[in-house]
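Only heavy atoms go into these numbers, but all of them, side chains included; no hydrogens, no water, no symmetry mates.
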Amino acid sequence: MKSKVSTLNRDGRQISPWQRSVKTSIPVMHANERTVYDVLIVGAGITGLTAALKLQTAGKRTVVAEAFTIGYGTTGGTSAHINTFADTTYTEAESAFGEEGAKLFKQAILDGYHTITDNVAEYKINCDLETRPGYVYAEDDEQEKQLKDLYDGATKVGVAIEYVNEVPVKVPYQKAVMLDGQAQFDPLKYLSALANEYLKAGGVILQHTMVNEVQCHEGVHTATTANGTIKASNVIYATHMPPHINVFNMKCAPYRSYVLGVELVDHEDVPDALIYDLQEPYHYFRSHVVNGQKLLLVGGNDHKTGHDDPEQAFDDLENYVRQYYNVKSVVYKWSSQYYVPVDGLPYVGQMPLQADGTYCATGYNGNGMMLGSVSGAILADMILGNENPLTELFNAKRMKPIDGFTEFIKENADVAYHFVADKFKGQHLDSFNELEPGTGKLIDIDGQKLAAYKDDAGKVHALSPVCTHMGCNVAWNACEKSWDCPCHGARYDIDGKVVTGPATKDLEQIELPETSN
């Protein structure tokens with residue numbers, strides 16, 4: 001069985017520090033097409049591999065299909081905070097799900113936290129796991145009200161929190177709280193170790209294997225891939241957002257988040273804590289030693305995918321940190337994607353309007369490390385028949401499908417775009433000459449838009465701008481060199497290849513006549 005040692009890739013041109021810290025050696029494996037596996041897990045991020053390891057060690061025969069490489073999606077781009085609180089406050093959870101629901105949500109956060117720390121202890125994983133105090137501070141009177149809401153909600157459900165007078169941050173503030181016992185780690189070191197333990201337990205990982213569609217007949221799910229078919233009694237979509245058109249497209253909004261890894265002139269200014277403000281969008285600070293270099297990680301400036309300028313988001317974040325810190329250099333800059341659920345909590349379990357045995361987990365907000373871990377454990381428990389008190393709270397069927405949604409899926413399942421080649425007359429080629437090398441934009445040709453990118457050699461890569469998921473026009477992401485859908489978060493590279501779902505079909509490529517540089 002051949003193994004290929006490689007640096008872990010992810011869904012963007014910007015490199016995260018985690019990619020520099022670990023290499024992986026995953027054997028080249030193949031699924032047995034005559035075998036009906038107990039579970040097919042689609043996606044090899046923190047959710048998929050947490051579920052896969054638990055299922056495999058419990059005696060189930062499983063296979064993981066990953067479209068690219070392990071950790072390719074959000075796990076490889078997270079800022080890697082492990083918290084006892086979440087973006088959805090406990091007060092908000094109580095408002096939506098009652099007092100018992102808020103307490104269960106607290107339990108879910110802690111279960112996710114302990115899933116990571118327990119795996120680290122059991123498998124002796126070296127992933128830079130460190131416990132740190134956490135601070136949240138308010139800069140004005142309105143933010144003080146939000147801080148009180150955070151404090152009251154956490155206190156009510158039993159999370160340790162206290163008001164403090166000192167925060168190790170250079171930003172002026174009015175009031176602050178501390179939550180002890182937060183943590184941080186290197187997510188790809190952790191994920192790589194999970195993958196190795198899963199393989200030791202007899203699991204199968206198929207990298208570079210995109211699942212195009214799954215059909216179910218008499219309880220057997222057959223997944224079609226470019227490398228053949230995979231049969232299983234159950235399917236878990238651990239893809240952050242399930243592929244194709246589904247009810248979650250209407251209940252979860254895609255967001256992009258930005259992080260800088262900066263070296264400070266004075267290393268003593270780097271705090272050994274996890275620190276958060278209450279601005280909108282908010283910022284956060286923490287430290288991490290990457291290859292012997294202690295860096296200040298500063299994140300934030302989140303916005304809906306495809307709606308704002310990513311370059312401006314990075315510029316604003318850099319200006320923000322330089323306002324308070326003496327920055328020697330920006331060593332890393334990267335972004336990643338997450339989904340905000342409409343009612344604040346993830347959707348985990350049997351997918352609505354899908355065949356029995358079709359499971360998913362989505363809507364983690366900005367807390368994917370804890371919620372992805374606990375969701376993987378919940379899904380494994382459901383398949384194993386184990387009781388889990390969190391199953392009902394995160395029930396994926398808790399939302400009612402929109403009237404006529406099944407018909408809506410049928411009508412939108414095959415988005416097509418046809419750009420007539422005859423439209424390219426000589427006078428239209430000037431539009432492409434306006435493009436600078438290394439840039440992309442939507443260009444209008446006789447009332448029809450075209451997604452065009454000019455590479456450094458002057459070649460124009462022309463695509464249909466219509467997302468193959470549900471027909472929205474994509475937007476250019478200059479930082480990641482990708483075309484991002486502002487509706488449901490699908491992303492494509494400069495040649496139109498799917499980088500991030502829920503789309504599974506590439507953008508249509510448009511042949512152009514030769515253009516001058």
Side-chain angles (χ1 to χ4, degrees), residues 1-12 14-31 37 39-57 62-80 115-116 119-120 123 125-129 185-211 223 225-227 230 235-241 243 334 336-338 360-361 364 368-369 372-373 375-377 379-380 491 498-501:
M1 191 180 297
K2 295 182 179 179
S3 295
K4 182 180 180 181
V5 178
S6 61
T7 300
L8 291 174
N9 296 319
R10 64 178 209 89
D11 60 353
Q14 305 293 339
I15 303 298
S16 77
W18 326 128
Q19 293 170 262
R20 300 290 196 198
S21 66
V22 63
K23 294 183 184 296
T24 179
S25 178
I26 303 293
V28 177
M29 309 179 81
H30 303 279
Y37 292 87
V39 191
L40 162 63
I41 299 99
V42 184
I46 198 164
T47 303
L49 287 180
T50 299
L53 180 58
K54 184 169 182 176
L55 287 163
Q56 189 69 29
T57 55
T62 66
V63 55
V64 175
E66 165 57 50
F68 299 97
T69 56
I70 67 169
Y72 184 84
T74 299
T75 304
T78 178
S79 52
T115 295
I116 296 170
N119 279 337
V120 168
Y123 298 113
I125 300 173
N126 179 14
C127 60
D128 306 340
L129 177 67
F185 72 142
D186 182 318
L188 289 189
K189 285 182 179 179
Y190 173 77
L191 198 71
S192 180
L194 287 192
N196 288 334
E197 294 300 330
Y198 172 68
L199 292 173
K200 287 179 188 177
V204 176
I205 297 178
L206 308 175
Q207 296 192 112
H208 305 290
T209 303
M210 177 177 284
V211 173
T225 78
N227 303 322
I230 307 168
V235 174
I236 291 175
Y237 285 113
T239 52
H240 212 28
M241 173 57 65
W334 76 98
S336 63
Q337 189 155 295
Y338 64 92
C360 75
Y364 299 155
M369 295 301 94
S373 297
S375 295
L379 292 170
R491 299 176 57 242
V498 173
V499 172
T500 304

Considering only heavy atoms from C-beta outward, does the side chain of Leu53 approach that of Leu55 to under 4.5 Å?
no
Under 3.5 Å donor-acceptor, Arg491 side chain and Asp11 backbone:
yes
On a heavy-atom basis, the closest approach of Gly77 and Ser336 is O-OG, 3.2 Å
Can you tell me how far the SG atom of Cys127 sits from the CG atom of Leu191, to the nearest 0.5 Å?
10.5 Å
Check whether any side-chain heavy atom of Tyr37 lies under 4.5 Å from a side-chain heavy atom of Thr62, and answer yes or no.
no
Can you name the nearest heavy-atom pair linking Ala223 to Val211, along with the distance?
CB-CG1, 3.9 Å
Given 3.5 Å as the limit, does a donor-acceptor pair link the side chain of Ser16 with the main chain of Gly76, or not?
yes
When rounded to the nearest 0.5 angstrom, what is the spacing between CE in Met369 and CZ in Phe185?
5.5 Å
Please give me the minimum heavy-atom distance between Ile230 and Ala31, naming the atom from each residue.
CG1-CB, 4.0 Å
Would you say Glu66's side chain and Ala44's backbone share a donor-acceptor pair under 3.5 angstrom?
yes
Answer yes if the side chains of Tyr364 and Thr74 hold a donor-acceptor pair under 3.5 Å, and no otherwise.
no
Are the side chain of Thr75 and the backbone of Gly45 linked by a donor-acceptor contact shorter than 3.5 Å?
no
Heavy atoms, side chains only, cut-off 4.5 Å: are Arg20 and Pro17 in contact?
no
Decide yes or no for Leu206 and Val64: does some side-chain heavy atom of the first lie under 4.5 Å from some side-chain heavy atom of the second?
no
Side chains of Tyr338 and Thr78: closer than 4.5 Å at any heavy-atom pair?
no
Step by step, would you call Val499 with Tyr72 a side chain to side chain contact (heavy atoms under 4.5 Å, CB included)?
CA-CA 9 Å; Val499 172; Tyr72 184 84; 3.7 Å; yes
Residue pair Gly71 / Leu188: nearest heavy atoms and the distance that separates them
CA-CD2, 4.0 Å
Using 30° and 60° as the class boundaries, would you call the ring planes of Trp18 and Trp334 parallel, tilted or perpendicular?
perpendicular
Identify the two heavy atoms, one from Ser373 and one from Ile46, that lie closest to each other, and give their separation to 0.1 Å.
OG-CD1, 3.4 Å
Lys189 and Ile125: CA distance, side-chain angles, deciding distance, side chain to side chain contact (heavy atoms under 4.5 Å, CB included) verdict
CA-CA 8 Å; Lys189 285 182 179 179; Ile125 300 173; 5.7 Å; no
Short side-chain to backbone donor-acceptor contact, Glu197 and Leu194, under 3.5 Å:
no
Atom of Ala380, atom of Ala51 and distance for their closest heavy-atom approach:
CB-O, 4.1 Å
Side chain to side chain, Ile70 and Gln207, heavy atoms closer than 4.5 Å
yes
Does the side chain of His208 reach to within under 4.5 Å of the side chain of Thr69, using non-hydrogen atoms?
yes
Out of curiosity, Gln56 CD to Ile41 CD1, how far, rounded to the nearest 0.5 Å?
8.0 Å
Ser192 OG to Asn196 CG distance, which is reported to the nearest 0.5 Å
5.0 Å
Could you tell me if the side chain of Leu199 sits less than 4.5 Å from the side chain of Pro27, heavy atoms only?
yes
In Å, rounded to the nearest 0.5 Å, how long is the span from CE of Met210 to OG1 of Thr239?
10.0 Å
CG on Leu49 to OH on Tyr190, rounded to 0.5 Å
9.5 Å
